Amino acid sequence: MNRLADIGWEDFERLSFDAKRPYLEREEGDGLPYHTLFAQQFDRALLERLCALANRIRFINKSKEGALYLKNVLAHKRAMLYFSQPSSRTFLSHLAACQILGITTGSVRDAATSSEFKGESKEDSIRTFSSYFDMIIMRSPERGLAEKMAWELSNSDRPIPILNAGSGKDQHPTQALLDIYTLLRSFENAGGIDGKTVTFCGDLMRGRTVRSLSYLLTNFRDVKQVFVAPQELQVPADVVMILAKKGISFEVCDNLRDAVKVSDAVYMTRIQDEWDSSKGASAKIDTSRFKFGAEELKLLKPTGAILHPLPRRDEIATCCDRDPRAMYWRQMRNGMWIRAALIAATFGFERTIMDCGY
């Protein structure tokens, strides 16, 4: 079976996402990822497996005995949280996921506190971390860095797995996993995700969570995607091309209220001004019509769901927070469970947990 040690970096980098996927799977041939780098690694069957495992972990953890059992599952493993891009939710969510499974963790949250400050290359830093840990969970502002580091480690004498917790503006696969998990749980009594209309609103041009979730939604039947944003922040062409190629129903527009009326889920995002090419560039864009408040709440279906990857600013009014359709706080907690499931599956403990007596 193909593995990253069997291909040069330049050749791997040129491959399509679909062609890359076999190189990233576990050697056991069970379809599970060894390195988790991009959303395109997950088909519907794998998504449903991981969500079922997350539900199982969630159930087991409800009792003290079950929680103690889970803490022994991976007590022999160590994980490095290498976050060179600022984060609180994503960092803590992965940390909590590791703690649920008993994994010992270490962390670097600023390159200025590592030897990179002294001029060490990222490749050498990663090799150093792999000497002490059994998995590296990394977040970086640099596009494609997780892929490059996964290839580097796979061609070393200690090829430990890498889990991408956000890379540049292009990918955030574990956020997309928790978004899918939240949608599945939100619609578990309403036919699941199939046949639903999902609206994305806000900074769609630079929102890596939008790109990753949009792709995962293509695994479900008859899902329509609606993209609502100012022209300057509208969904990028590569996302539209993928949807068109797959025959997915989608709409690009600038009227949030009209979109809300027909939506089953609304996925709000903040303005990603940390990516501005010049200071204050985003502030010049009129985003006043792209906020979710009391009026939009009235238009949303009684069975609808409001999601947000957080952090938020003013794109969702706080008056929405106590509405039962507001899922963004549950979304955060769901992230802990689905990430625990992914980590457990990466280490080969899916069946151990699913078949245990708790």
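Atoms considered below: every heavy atom in the structure, side chains included; atoms not considered: hydrogens, waters and symmetry mates. Small disclaimer: the values here were computed from a predicted structure and weren't measured.
Between the side chain of Asn219 and the backbone N or O of Leu216 there is at least one donor-acceptor pair closer than 3.5 Å. Between the side chain of Asp30 and the main chain of Arg26, no donor-acceptor pair closer than 3.5 Å is present. Under a 3.5 Å cut-off, the side chain of Asp222 and the backbone N or O of Gly195 do not form any donor-acceptor pair. Ser140 contributes no side-chain N or O that, together with a main-chain N or O of Phe83, makes up a donor-acceptor pair within less than 3.5 Å. Lys196 contributes a side-chain N or O that, together with a main-chain N or O of Gly192, makes up a donor-acceptor pair within less than 3.5 Å. A donor-acceptor pair under 3.5 Å is absent between the side-chain atoms of Gln85 and the main chain of Ser167, judged by distance alone. One N or O on the side chain of Gln41 and one on the backbone of Phe38 form a donor-acceptor pair closer than 3.5 Å. In this structure, the side chain of Asp264 engages the main chain of Thr197 through a donor-acceptor pair within 3.5 Å. Side-chain atoms of Arg139 never come within 3.5 Å of backbone atoms of Gly166 as a donor-acceptor pair (strictly under, hydrogens ignored). In this structure a side-chain-to-backbone donor-acceptor pair under 3.5 Å is missing from Lys246 to Thr218.
Electrostatic pairing of Arg312 and Glu315 does not count as a salt bridge here, judged by no charged N lying under 4.0 Å from a carboxylate O. A salt bridge links Arg221 with Asp194: the closest approach of a Lys/Arg side-chain nitrogen to an acidic carboxylate oxygen falls below 4.0 angstrom. Asp258 and Lys261 are joined by a salt bridge, as a carboxylate oxygen and a charged side-chain nitrogen come within less than 4.0 angstrom of each other. Ion pairing between a basic and an acidic side chain is recognised when a charged N comes within 4.0 Å of a carboxylate O; Arg257 and Glu295 show no such pairing. Arg211 has a carboxylate O that lies under 4.0 Å from a charged side-chain N of Asp238, or vice versa, which qualifies the two as a salt bridge. Ion pairing of Arg21 with Asp43 is present here, as a side-chain N (NZ or NE/NH1/NH2) and a carboxylate O approach within less than 4.0 Å. A salt bridge is defined here as a Lys NZ or Arg NE, NH1 or NH2 lying under 4.0 Å from an Asp or Glu carboxylate O, and Arg270 with Asp203 fails to meet this definition. Look at Asp134 and Arg158 and you find a salt bridge, because one of the NZ, NE, NH1 or NH2 atoms lies within 4.0 Å of a carboxylate O, short of that distance. Between Lys122 and Glu142 a salt bridge is recorded (basic side-chain N to carboxylate O distance below 4.0 Å).
In the hydrophobic clustering (ILVMFWY side chains linked at under 4.5 Å, chained through shared members), Met241 stands by itself. Counting side-chain heavy-atom gaps under 4.5 Å among Ile, Leu, Val, Met, Phe, Trp and Tyr, the cluster of Phe292 also holds Val226, Val228, Leu256, Val260, Val266, Met268, Phe290, Leu297, Leu299, Leu300, Ile306, Leu310, Ile316, Tyr328, Trp329, Met332. Phe59 belongs to no hydrophobic cluster, as no Ile, Leu, Val, Met, Phe, Trp or Tyr side chain comes under 4.5 Å of its own.
One finds the OG atom of Ser212 at 4.0 Å from the CD atom of Gln171 (value rounded to the nearest 0.5 Å). Considering CZ of Arg339 and CG of Leu95, their distance stands at 11.5 Å, rounded to 0.5 Å.
Closest approach of Thr269 and Gly202 over heavy atoms only: OG1-CA, 3.4 Å. Closest heavy-atom contact between Ala326 and Asp321: CB-O, 3.9 Å. Heavy atoms only, all atoms of each residue included: Asp254 and Arg289 are closest at O-NH1, 2.8 Å. Closest approach of Thr174 and Ala165 over heavy atoms only: OG1-CA, 4.5 Å. The shortest heavy-atom contact between Ala344 and Leu74 is CA-CD1, 4.1 Å. Closest approach of Cys319 and Gly293 over heavy atoms only: SG-C, 4.5 Å.
The side-chain heavy atoms of Gln331 and Leu178, taken from C-beta on, include a pair separated by under 4.5 Å. Put simply, the side chain of Ile343 reaches to within 4.5 Å of the side chain of Cys98, judged on heavy atoms. Annotation: side chain of Met327 is in contact with side chain of Arg330 (closest heavy-atom distance under 4.5 Å). The closest side-chain heavy-atom distance from Leu243 to Ser214 is below 4.5 Å. Pro173 is not listed as a side-chain neighbour of Leu342, based on a closest heavy-atom distance of 4.5 Å or more. Side-chain atoms of Met138 and Leu81, non-hydrogen and from C-beta on, never get closer than 4.5 Å to each other.
In this structure, Arg109 satisfies the cation-pi test against Phe91, with its NZ or CZ atom closer than 6.0 Å to the six-membered ring centre and inside 45 degrees of the ring normal.
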Just distance, no hydrogens or angles: give the donor-acceptor pairs under 3.5 Å from side chains in residues 349-358, sequence neighbours left out.
residue : atom : partner : partner atom : Å
Glu350  : OE1  : Arg49   : NH2          : 2.6
Glu350  : OE2  : Arg49   : NE           : 3.1
Arg351  : NE   : Asp355  : OD2          : 3.3
Arg351  : NH2  : Asp355  : OD1          : 3.0

Open item on the list: Run the side chain to side chain contact (heavy atoms under 4.5 Å, CB included) test on Gln99 and Thr105 for me, step by step, so that the C-alpha distance in whole Å, both residues' side-chain angles and the decisive distance to 0.1 Å come before the verdict.
Closed with: CA-CA 8 Å; Gln99 290 172 338; Thr105 60; 5.6 Å; no
Open item on the list: Before you tell me yes or no, could you show the steps for Ile248 and Val223 under side chain to side chain contact (heavy atoms under 4.5 Å, CB included), namely the whole-Å CA-CA distance, both residues' side-chain angles and the distance that decides it to 0.1 Å?
Closed with: CA-CA 7 Å; Ile248 303 298; Val223 174; 5.9 Å; no
Task: Residues Lys148, Glu13; criterion salt bridge (Lys or Arg N to Asp or Glu O under 4.0 Å); working and verdict - done: CA-CA 8 Å; Lys148 182 63 162 61; Glu13 188 180 24; over 6 Å; no
TODO: Assess whether side chain to side chain donor-acceptor pair (under 3.5 Å) is satisfied between Asn334 and Thr182, documenting all intermediate values.
DONE: CA-CA 7 Å; Asn334 286 339; Thr182 300; 2.9 Å; yes
Task: Evaluation steps, salt bridge (Lys or Arg N to Asp or Glu O under 4.0 Å), between Glu123 and Arg127 - done: CA-CA 6 Å; Glu123 289 82 357; Arg127 287 291 298 272; over 6 Å; no
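Arg14 is linked by a side chain to side chain contact (heavy atoms under 4.5 Å, CB included) to Glu10, Asp11, counting only residues two or more places apart in sequence or in another chain.
Relative orientation of the Trp151 and Trp9 rings is tilted, given thresholds of 30° and 60° on the angle between their planes.
The ring-ring contact (aromatic ring centres under 6.0 Å, His included) pairs that include a residue from residues 210-268 are Phe200-Phe227, Phe200-Tyr267, where partners are two or more places apart or lie in different chains.
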